[in-house]
Amino acid sequence: MSQAVFTTTEPVIDRARRAGRRPGRRTDMITGMEALDRDVWRMTIKDPFAAQEAHPGSFVNLYPADSMTLLPRPLGISRVLDGGQIEVIFGVVGKGTREFSELRPGDSVDLLGPLGKGFDLGGAAHYILVGGGLGVPPLIRAAQAIRGMEGAQSTALLGYRNLHFADRIVERLVDDLRSISNDHGDVITLLDGVESGIDPSNTVILTCGPTPMMEAVASWAGKRSIPTQCCMESRMGCGYGTCVACVVDTVNGRLKVCKDGPVFRAQDLVWKDGGR
Amino acid sequence: MSQAVFTTTEPVIDRARRAGRRPGRRTDMITGMEALDRDVWRMTIKDPFAAQEAHPGSFVNLYPADSMTLLPRPLGISRVLDGGQIEVIFGVVGKGTREFSELRPGDSVDLLGPLGKGFDLGGAAHYILVGGGLGVPPLIRAAQAIRGMEGAQSTALLGYRNLHFADRIVERLVDDLRSISNDHGDVITLLDGVESGIDPSNTVILTCGPTPMMEAVASWAGKRSIPTQCCMESRMGCGYGTCVACVVDTVNGRLKVCKDGPVFRAQDLVWKDGGR
Amino acid sequence: MDETMEKGGTVMDGEQDASTNQNPALGMDPLEPHSWKHGTVVAGVPWKNPVGTASGTFNLDACQDYYDVADMGAIGTKGVSPIPWEGNPSPRTAETPAGMVNSVGLQNPGVDRYLVDELPRLKSLGATVVTNVAGHSDDDYAQVVERLADSPADMLEINVSCPNVSHGGMSVGTDPKALNRLIHRLRGMTDKPMVVKLTPNVTDIVAVAQASVEGGADALSLINTLVGMRIDITTGEPILAQETGGVSGPCVFPIALGFVWRVRKALPDIPIIGIGGIDSGEKALEFLYAGANAVEVGAAALLDPVAPVRVARELDDLLDSRPELADLLAQGKTWK
Amino acid sequence: MDETMEKGGTVMDGEQDASTNQNPALGMDPLEPHSWKHGTVVAGVPWKNPVGTASGTFNLDACQDYYDVADMGAIGTKGVSPIPWEGNPSPRTAETPAGMVNSVGLQNPGVDRYLVDELPRLKSLGATVVTNVAGHSDDDYAQVVERLADSPADMLEINVSCPNVSHGGMSVGTDPKALNRLIHRLRGMTDKPMVVKLTPNVTDIVAVAQASVEGGADALSLINTLVGMRIDITTGEPILAQETGGVSGPCVFPIALGFVWRVRKALPDIPIIGIGGIDSGEKALEFLYAGANAVEVGAAALLDPVAPVRVARELDDLLDSRPELADLLAQGKTWK
Ligand SMILES: Cc1cc2nc3c(=O)[nH]c(=O)nc-3n(C[C@H](O)[C@H](O)[C@H](O)COP(=O)(O)OP(=O)(O)OC[C@H]3O[C@@H](n4cnc5c(N)ncnc54)[C@H](O)[C@@H]3O)c2cc1C
Ligand SMILES: Cc1cc2nc3c(=O)[nH]c(=O)nc-3n(C[C@H](O)[C@H](O)[C@H](O)COP(=O)(O)OP(=O)(O)OC[C@H]3O[C@@H](n4cnc5c(N)ncnc54)[C@H](O)[C@@H]3O)c2cc1C
Ligand SMILES: Cc1cc2nc3c(=O)[nH]c(=O)nc-3n(C[C@H](O)[C@H](O)[C@H](O)COP(=O)(O)O)c2cc1C
Ligand SMILES: Cc1cc2nc3c(=O)[nH]c(=O)nc-3n(C[C@H](O)[C@H](O)[C@H](O)COP(=O)(O)O)c2cc1C
Ligand code: FES
Ligand code: FES
């Protein structure tokens with residue numbers, strides 16, 4: 001189970017489409033690897049299907065090669081690049097991400113996706129992207145999409161532990177970028193800083209980061225009646241909706257992060273239990 | 001557990017020796033790979049310790065990299081080569097050997113050894129090496145050793161299923177080589193063919209191959225009072241004597257193939273139960 | 001000496017164990033149309049191949065994106081309870097060496113929704129359906145079976161083995177007397193073939209198997225998950241909110257196989273569905289040689305959506321060279 | 001928000017799980033002399049570190065080639081019986097996903113040889129010795145314990161959990177009443193700290209744990225192996241001559257951890273040695289957080305002779321940053 005049956009991307013994608021299906025797990029080629037920070041990596045992968053189908057907020061499952069670690073590692077798609085490539089940005093937190101960090105261009109990695117229901121980008125509005133640390137990647141894809149929307153405006157407010165590893169990528173995609181490190185404050189500091197320039201009736205907040213951060217953002221936005229969408233995280237068994245392992249508590253019951261989400265409207269979330 | 005803690009050969013060997021110990025499992029470099037037949041491979045590995053300590057009949061444990069397959073794959077050392085290298089010759093029979101067959105020079109493989117108590121090469125005599133298929137490799141190392149013994153003579157009698165994959169290597173190491181394929185006969189046919197030239201009082205048979213073959217050889221030799229040593233095979237848990245998984249039945253009780261053997265005197269073996 | 005001339009024992013079949021598949025030229029394509037060559041019969045119900053999906057690892061909306069559900073021998077669906085259950089809090093899963101542990105706790109929308117949303121769709125897609133029945137009490141099970149008695153479900157699977165619910169679930173499945181009573185009661189309520197799904201968390205599997213059969217079970221399925229857990233060493237706390245959960249995946253394979261083997265030895269005639277760690281046609285085949293009539297694929301489907309179809313295809317090809325076994329299965333019989 | 005600013009959860013310790021060790025610069029060298037920083041106490045017996053060798057996976061002649069046995073917290077030795085036992089026929093082992101199954105069947109030269117050949121040598125090398133006691137009957141156990149009562153063994157471990165012997169072994173370990181009677185009898189025969197080694201092949205581990213403690217056990221060790229098997233698909237026959245055997249290795253880790261957790265919850269004070277699938281300091285640490293006083297390394301030692309010392313070193317370093325846990329262990333207490 002450590003490697004998919006299919007070792008080239010195109011055939012499985014083609015065959016799946018011919019059969020009227022989505023392609024299952026497949027083995028893709030890594031086209032780029034770059035360290036953005038100590039233990040934060042940017043990886044690009046050739047997968048035309050994922051590149052074509054990725055919405056802002058979509059993620060892919062990557063699978064470690066070793067059989068001791070079989071479960072999927074969900075990673076947000078941070079950008080879609082030319083030539084059928086997707087980009088992910090990940091931190092090394094455990095065995096799987098450590099293994100990924102040791103891969104190099106030309107190596108292969110197993111992938112499933114794109115997965116999940118992404119951000120709902122209704123139309124022209126002022127989008128405020130509020131990200132924390134490794135929650136930034138899905139917001140980059142959102143920035144990429146918003147940039148192509150006529151009349152839309154974007155502000156990115158990013159909080160980091162140390163190095164501002166994503167700023168270089170984000171700054172080219174948004175109208176305004178402000179970022180902050182832990183020792184200087186957090187994203188609420190940044191929100192307070194831009195509040196005066198915001199028209200709540202025309203603003204949408206998209207946020208992704210640690211659950212307590214998103215809860216604070218949702219509470220800040222709630223008080224100001226700014227609609228907010230949260231990109232949630234949960235331990236997953238499958239990532240494609242079959243096992244019900246990844247639920248968050250919502251006002252509509254326990255919903256799957258991987259298929260009903262990962263993006264949920266802030267007002268639908270019940271923070272207490274989902275926050276673990 | 002799929003990869004050893006030590007990834008270079010020399011340091012672990014040095015450190016072990018400094019501590020007065022044998023080196024444990026280590027990661028070695030593959031220096032050569034060659035297909036000898038469909039699904040029979042010759043691999044050379046750099047491991048100065050194994051090269052120095054290998055006796056005729058010694059084997060090494062090789063370990064597949066994937067964690068689904070943790071157990072050692074015992075393989076006889078077929079030759080010791082210059083530059084601290086050992087050679088193994090193996091057939092692809094399952095997952096582990098398939099994985100090994102896909103390795104290439106420059107790749108690494110985990111190894112423990114050399115292991116086992118080898119052939120007892122007393123001195124000048126006429127050694128008849130009777131091998132069957134993938135039982136030939138340990139006999140090659142024996143031929144290598146006998147070749148350096150003054151006054152010793154060697155005859156190799158090899159039975160193969162199809163291609164005579166080891167002849168090219170063996171012919172340079174023995175005085176006489178005869179080999180046969182299944183459809184023309186077996187090693188007993190070959191033994192009958194050389195019988196007239198044998199002086200039982202000065203002859204030693206060394207045999208390695210499928211158990212039924214070795215039993216037939218032992219019986220042939222027993223009738224002629226020719227001392228015979230058999231290199232046995234058994235499923236192993238550890239390969240270094242700690243688990244008692246690998247026993248054969250002998251007149252002295254159940255003994256470990258990996259540490260008391262793999263070579264046993266034919267007259268000590270109890271064939272019925274050991275033959276499975 | 002012909003057959004044994006080459007040292008080395010077991011020679012591999014052309015098929016690969018998926019767990020270390022290194023062979024890009026496998027040729028097997030789960031997305032191409034395929035005519036099944038080797039069927040099986042479980043308690044009188046024909047399966048077009050001996051491979052089903054294991055309960056709780058198949059969700060129609062999720063899986064139909066990836067393969068045709070009519071391609072499976074059977075579709076085992078998630079446990080359904082009399083009313084909707086919300087299951088356990090998150091986190092509900094953690095990784096284990098070559099496996100996983102889950103504490104989903106039978107979250108499901110209830111039997112009524114199942115009868116409207118899922119079952120008719122599955123039947124219209126051509127699936128053979130094994131409906132998994134969950135409960136906190138005998139009455140719960142009875143209510144669900146009653147609702148399913150006239151449904152188009154092909155078989156009912158009574159889940160008395162879930163380690164993730166506090167009442168019912170595993171506690172019934174570990175007590176032969178209680179189990180016998182429950183199955184006997186359910187037996188009176190339906191003519192549908194009834195499979196009892198057993199837990200491995202018992203001292204004496206044969207006793208619970210026998211109690212089920214004597215209670216009126218038409219078949220047995222085993223194993224459900226083994227109790228287990230993981231701890232986060234940065235906090236010292238269990239990873240699962242529920243602390244312990246059920247272990248499944250390749251790691252449980254030899255254990256599951258041993259359970260099927262022991263039940264088959266004790267009960268030569270009862271149909272058995274073998275479950276646990278199956279991720280390849282080869283592993284499925286081991287279960288058939290252990291005496292199963294069919295198998296189900298669970299955790300492997302979580303790691304690759306098409307795994308159940310792939311296993312079925314691989315097995316179909318492996319059975320080509322094993323006509324004695326294939327013939328027995330086709331007749332509803334088992335190996336030895 | 002400081003602590004949670006970075007997404008991604010658990011941050012790894014410097015240590016690596018051996019199972020996917022990719023870090024050549026690990027730095028830990030099991031062959032270099034080392035002063036142990038964190039000891040433990042099990043039933044009054046001090047161990048210089050919390051890691052021992054698991055019974056049946058340590059053989060002095062084999063292991064002393066590779067490491068200094070005095071480096072281990074304790075050396076658990078192979079089960080000894082009143083007279084020599086020849087064990088089961090070959091094959092005795094088969095591979096399983098991330099594990100193995102064995103049917104050695106307690107082959108051993110008997111307690112008399114053990115007292116002459118192995119124990120004195122181990123003691124003279126400076127090892128803390130846990131002597132594993134095997135039997136086919138209560139009388140067998142009693143005979144061995146009697147012979148060991150005046151020996152230099154530091155602890156006795158009563159193996160009532162071997163699945164590979166037909167009488168005694170696991171059958172005693174699954175029956176709380178019989179177990180209680182046996183332990184009570186043995187208790188009267190020796191003052192040595194007595195550990196009872198439990199089998200996971202039971203419905204209710206707490207019942208057998210409690211029976212042992214009430215019988216007079218000073219400590220519990222768990223788990224022994226889980227019943228399992230493999231089948232050769234080229235023949236349709238079990239690989240093991242004995243058909244079934246005992247599964248161990250990384251695959252059983254979450255299951256073993258769950259057993260220790262449940263016993264610790266039920267019995268807050270009994271010393272526990274956690275065993276099952278430990279192949280790294282991290283996995284050892286999970287057992288300590290689950291409530292074990294110490295752990296033992298089994299199958300991992302088969303795959304690398306120095307694994308037990310490596311695990312001990314890794315754990316010793318991991319405990320540096322966990323003084324609360326280390327202090328409890330040093331006092332003979334456990335987490336929570
Ligand atoms: C929808 C989604 C999108 C994500 N996007 C990103 C991203 O763009 N960049 C990034 O760096 N991280 C992202 N994460 C978190 C990322 O999935 C984990 O950091 C990663 O799985 C850890 O794997 P590991 O093997 O290194 O850790 P281990 O601790 O060894 O993993 C063990 C198991 O726990 C799971 N796990 C551990 N931590 C987490 C976590 N925080 N969330 C979910 N599962 C976890 C793993 O998937 C695996 O199954 C995302 C998570 C989700 C759910
Ligand atoms: C002392 C000794 C020396 C050997 N020397 C050679 C040699 O020089 N060349 C060679 O080709 N083969 C040799 N063998 C056999 C070789 O070890 C097996 O072919 C190999 O282990 C099969 O591994 P696999 O992963 O391909 O098969 P799998 O069937 O996937 O292996 C599964 C498990 O069974 C074990 N196993 C399977 N077949 C055998 C077997 N025949 N003997 C022992 N264990 C087995 C494996 O080691 C592994 O633990 C030797 C065996 C022994 C005991
Ligand atoms: C996420 C998950 C959910 C499950 N839910 C159910 C269930 O609802 N009913 C049931 O009988 N078994 C359930 N099981 C058990 C599986 O059907 C199967 O018996 C077990 O996982 C062993 O098979 P595997 O190793 O192939 O996963 C579930 C297993 C998993 C992994
Ligand atoms: C080859 C082998 C032999 C064993 N022999 C014994 C034994 O003699 N006595 C005993 O109590 N346990 C014995 N065990 C069980 C181990 O001590 C241990 O409880 C079990 O293997 C689980 O630990 P592990 O996963 O680390 O191997 C044996 C295990 C193996 C693998
Ligand atoms: S992870 Fe399986 S349903 Fe979401
Ligand atoms: S294989 Fe372990 S003692 Fe021989």
Side-chain angles (χ1 to χ4, degrees), chain C residues 9-13 19 94-101 174-175 199-204 226-239 243-245 247 249-259 261-262 265 277 279 282-283 285-290 318 322 324-325 335-336, chain D residues 9-13 17 19 94 96-101 174-175 199-204 226-239 243-245 247 249-259 261-262 265 277 279 282-283 285-290 318 322 324-325 335-336:
Chain C
T10 322
V11 175
M12 273 195 103
D13 275 81
S19 54
E95 189 167 65
T96 72
M100 60 180 292
V101 51
T174 58
D175 177 348
T199 171
N201 303 290
V202 293
T203 309
D204 185 355
L226 285 137
V227 177
M229 75 184 308
R230 287 301 301 261
I231 289 176
D232 182 342
I233 60 164
T234 62
T235 62
E237 295 293 331
I239 291 178
E243 298 183 348
T244 61
V247 177
C251 57
V252 307
F253 172 73
I255 301 168
L257 194 68
F259 275 107
W261 175 266
R262 283 175 286 165
K265 285 221 145 178
D279 61 1
E282 292 193 334
K283 293 224 182 78
L285 189 55
E286 286 193 50
F287 270 100
L288 300 180
Y289 279 127
L318 286 167
R322 292 166 174 85
E324 345 71 71
L325 174 59
W335 190 246
K336 281 194 261 184
Chain D
T10 322
V11 175
M12 275 195 107
D13 274 82
D17 194 315
S19 54
T96 72
M100 62 180 292
V101 51
T174 59
D175 177 349
T199 171
N201 303 290
V202 293
T203 309
D204 186 355
L226 285 136
V227 177
M229 75 184 308
R230 286 303 299 263
I231 289 175
D232 182 341
I233 60 164
T234 62
T235 61
E237 295 293 330
I239 290 178
E243 299 183 350
T244 61
V247 177
C251 56
V252 308
F253 172 73
I255 302 168
L257 195 68
F259 275 106
W261 175 266
R262 283 175 286 165
K265 286 223 144 174
D279 61 0
E282 292 193 331
K283 294 224 183 77
L285 190 55
E286 286 192 51
F287 269 100
L288 299 180
Y289 278 128
L318 286 166
R322 292 167 173 85
E324 346 70 71
L325 175 58
W335 191 245
K336 278 195 257 180

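- Of all the listed residues (D/Cys251, D/Ala256, D/Ala94), the one sharing the greatest number of non-hydrogen pairs under 4.5 Å with chain C is D/Cys251.
- Of the listed residues D/Pro200, D/Gly236, D/Gly228, the one with more heavy-atom pairs under 4.5 angstrom with chain C than any other is D/Gly236.
- A heavy-atom distance below 4.5 Å is not found between the side chains of D/Pro97 and C/Pro97.
- Qualifying side-chain contact (heavy atoms from CB on, under 4.5 Å) partners for D/Glu286, counting only residues two or more places apart in sequence or in other chains: C/Arg230, C/Ile231, C/Ile233, D/Phe253, D/Leu257.
- Here C/Tyr289 contributes atom OH and D/Thr234 contributes atom OG1; the two are 8.0 Å apart, rounded to the nearest 0.5 Å.
- Listed options D/Leu325, D/Thr96, D/Ile255, D/Asp204 were ranked by heavy-atom pairs under 4.5 angstrom with chain C; first place goes to D/Ile255.
- Between C/Thr203 and the choices D/Thr174, D/Asn201, D/Thr203, the side-chain hydrogen bond (donor to acceptor under 3.5 Å, both in side chains) rule is met once, by D/Thr203.
- For C/Glu237 and D/Lys336, the salt-bridge test passes: some basic side-chain N is under 4.0 Å from an acidic carboxylate O.
- In this structure, chain C has no heavy atom under 4.5 Å from any part of D/Val101.
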